[in-house]
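Just so it is clear, the model here is predicted, and its values are computed rather than measured. Values below: every heavy atom of this structure, side chains too, minus hydrogens, waters and symmetry copies.
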Amino acid sequence: FLHRGSLSEGVLEVGDVIHAQVSESARQATALNHSATHLLHAALRQILGEHVTQKGSLVDAERLRFDFSHPEAVTAQQLHAVTALVNEQIRANTDVQVTVTDMDSAVEAGAMALFGEKYGDEVRVLSMGADKFSVELCGGTHVKRTGDIGLMLMVSESGIAAGVRRIEAVTGAEALALIDSADAKIQHASQLLKTNPADMTVKVQQMLDQQKALEKKLQQLQQKLASSVGSDLAAQATDVNGAKVLAAVLEGADPKSLRDTVDQLKQKVGSGVIILAAPSDEKIALVAGVTDSLVEHVRAGDIIKALSAAVGGKGGGRADFAQGGGVDHAGLADAIEQAKQDVIAGLS
């Protein structure tokens, strides 16, 4: 064993006797997490299937991390079942049995050996839980009774490699701290919602319903605005050999409003090309529409592809309709004007 540390005072000399002392609290917290890992492994095999095997593990005083083989994400229902099963074994508060025997006897007794681990002539077998819920070969520190763990709560479940999942969890005091943190967040959220924790879900659903109704009303207003704006814009179109060409910037419009406005303008002009842009705080929405009478001469997809590139974005679409976006607000006015002139040149 090699112990590494630093000397805060004094001088060490060859021959000095050093007394090392393990932190009892850190050791006990680590034991809780280690024993919980054994129970977790057994619970995963029972809920997900016996294909589950350990692929990696870390236990310390703060948490446990367990990597295991499984071909897909573990569902919320499965995670709940695994957690419930582990805590059921914890509440059973059974003795943790430790025996030292030879390898053959241990395997015959049902002990699980970890692939890749090297074992000597004698092995240490850990049995814990009701009806030998978990039986594994292990030389680490563990609790005396499963009830010592107190409680296990999962923190996360994720994939770390093809066919390998990872669960992180906490036990004992860390689990209680997690509950306290969650409760504090619930209390804060209920205060923001001006309700009590028991009625939070009802309050949130009411707010979601209200938001949905407001969004629907906003959409209706935007459609009306698009119709009104469309009537005004039609008069600004440039006539090119009997076709109308219109390029404009609409402040405050959303992409759907732009699409509706293009459709309305195409109907109003009869034969023409419509190019519209709507800048927002971060991005610029772009749409173009070409009436059926002109698609052989001008394609909406080509217009939007060039216009999007001019404002630092990308886009495309069909011959009669296309959409895209960009981010260069400063260059928008020039880009729109250039797109209009390119269309006029193509129709002249």
Side-chain angles (χ1 to χ4, degrees), residues 28-99 101 103 106-119 123-172 174-175:
Q28 179 62 16
T30 302
L32 304 188
N33 287 330
H34 196 176
S35 296
T37 301
H38 281 228
L39 295 178
L40 175 61
H41 190 184
L44 286 168
R45 288 174 61 84
Q46 183 167 321
I47 299 298
L48 301 183
E50 294 188 359
H51 64 278
V52 170
T53 55
Q54 178 178 319
K55 294 298 182 182
S57 177
L58 179 148
V59 289
D60 57 27
E62 285 75 39
R63 58 169 177 156
L64 67 90
R65 188 181 73 202
F66 187 69
D67 301 338
F68 59 97
S69 57
H70 190 58
E72 58 190 9
V74 186
T75 68
Q77 292 81 2
Q78 289 170 329
L79 289 174
H80 177 77
V82 169
T83 302
L85 188 53
V86 170
N87 284 312
E88 178 183 318
Q89 292 296 327
I90 291 173
R91 289 194 304 275
N93 196 27
T94 55
D95 286 330
V96 175
Q97 302 292 330
V98 180
T99 58
T101 184
M103 187 66 177
V107 173
E108 185 178 347
M112 185 182 301
L114 300 181
F115 178 77
E117 292 284 344
K118 294 183 179 180
Y119 298 97
V123 292
R124 185 168 180 257
V125 182
L126 264 291
S127 301
M128 63 180 70
D131 300 321
K132 294 187 176 180
F133 181 76
S134 168
V135 182
E136 290 191 33
L137 304 182
C138 184
T141 182
H142 284 276
V143 298
K144 291 186 169 118
R145 302 182 68 89
T146 59
D148 296 342
I149 300 170
L151 174 69
M152 188 204 78
L153 293 178
M154 289 194 193
V155 176
S156 65
E157 188 276 339
S158 60
I160 60 169
V164 180
R165 311 296 300 179
R166 169 173 291 175
I167 283 177
E168 295 196 23
V170 289
T171 62
E174 292 293 333

Side-chain contact test, heavy atoms from C-beta onward, threshold under 4.5 Å: evaluate it for [X] versus [Y] and give yes or no.
X: His142; Y: Val98; result: no
X: Glu62; Y: Val170; result: no
X: Ile47; Y: Val52; result: no
X: Ile149; Y: Gln89; result: no
X: Gln46; Y: Phe133; result: yes
X: Gln28; Y: Leu32; result: yes
X: Met128; Y: Val143; result: no
X: Val135; Y: Leu126; result: no

Quick one: [atom1] on [X] to [atom2] on [Y], what's the gap to the nearest 0.5 Å?
X: Asn87; Y: Leu151; atom1: CG; atom2: CG; result: 5.0 Å
X: Leu39; Y: Glu88; atom1: CG; atom2: CD; result: 11.0 Å
X: Leu44; Y: Thr37; atom1: CG; atom2: OG1; result: 10.5 Å
X: Leu48; Y: His51; atom1: CG; atom2: NE2; result: 6.0 Å
X: Thr146; Y: Arg91; atom1: OG1; atom2: CZ; result: 10.5 Å
X: Met152; Y: Ile167; atom1: CE; atom2: CD1; result: 7.5 Å

Applying side chain to side chain contact (heavy atoms under 4.5 Å, CB included), run through Met154 and Val82 and close with a yes or a no.
CA-CA 10 Å; Met154 289 194 193; Val82 169; 3.5 Å; yes

Looking at His80, I'd like to know if its NE2 atom is crowded, meaning that more than 12 non-hydrogen atoms belonging to other residues, nucleotides or ligands lie closer than 6.0 Å.
no

Pairs satisfying ring pair (Phe, Tyr, Trp, His ring centres under 6.0 Å), at least one member in residues 150-171, at least two apart:
none

Please find the pair of heavy atoms, one from [X] and one from [Y], that lie closest to each other, and give the distance.
X: Val125; Y: Ala106; value: CG2-CB, 3.7 Å
X: Val86; Y: Ala43; value: CG2-CB, 3.7 Å
X: Ala29; Y: Ala61; value: CB-O, 3.4 Å

Distance flag, aromatic centroids of His41 and Phe66, threshold under 6.0 Å
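Aromatic pair counts; centres sit under 6.0 Å.
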
Steps toward side chain to side chain contact (heavy atoms under 4.5 Å, CB included) verdict (Thr171, Ile90):
CA-CA 11 Å; Thr171 62; Ile90 291 173; over 6 Å; no

Applying salt bridge (charged side-chain N to carboxylate O under 4.0 Å, His left out), which residue pairs with at least one partner in residues 138-154 are found, sequence neighbours left out?
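Output for this query lists Asp95-Arg145.
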
Strictly by salt bridge (charged side-chain N to carboxylate O under 4.0 Å, His left out), give each pair with a member in residues 159-169 just once, sequence neighbours left out.
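Pairs touching residues 159-169 that pass the test: Arg63-Glu168, Asp67-Arg166, Glu157-Arg165.
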
Quick check: does any side chain N or O of Ser69 sit under 3.5 Å from a backbone N or O of Thr53, one acting as donor and the other as acceptor?
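Pair found, side chain donor or acceptor close to backbone of Thr53.
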
Parallel, tilted or perpendicular: which one describes the rings of His34 and His38, with boundaries at 30° and 60°?
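His34 and His38: perpendicular rings.
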
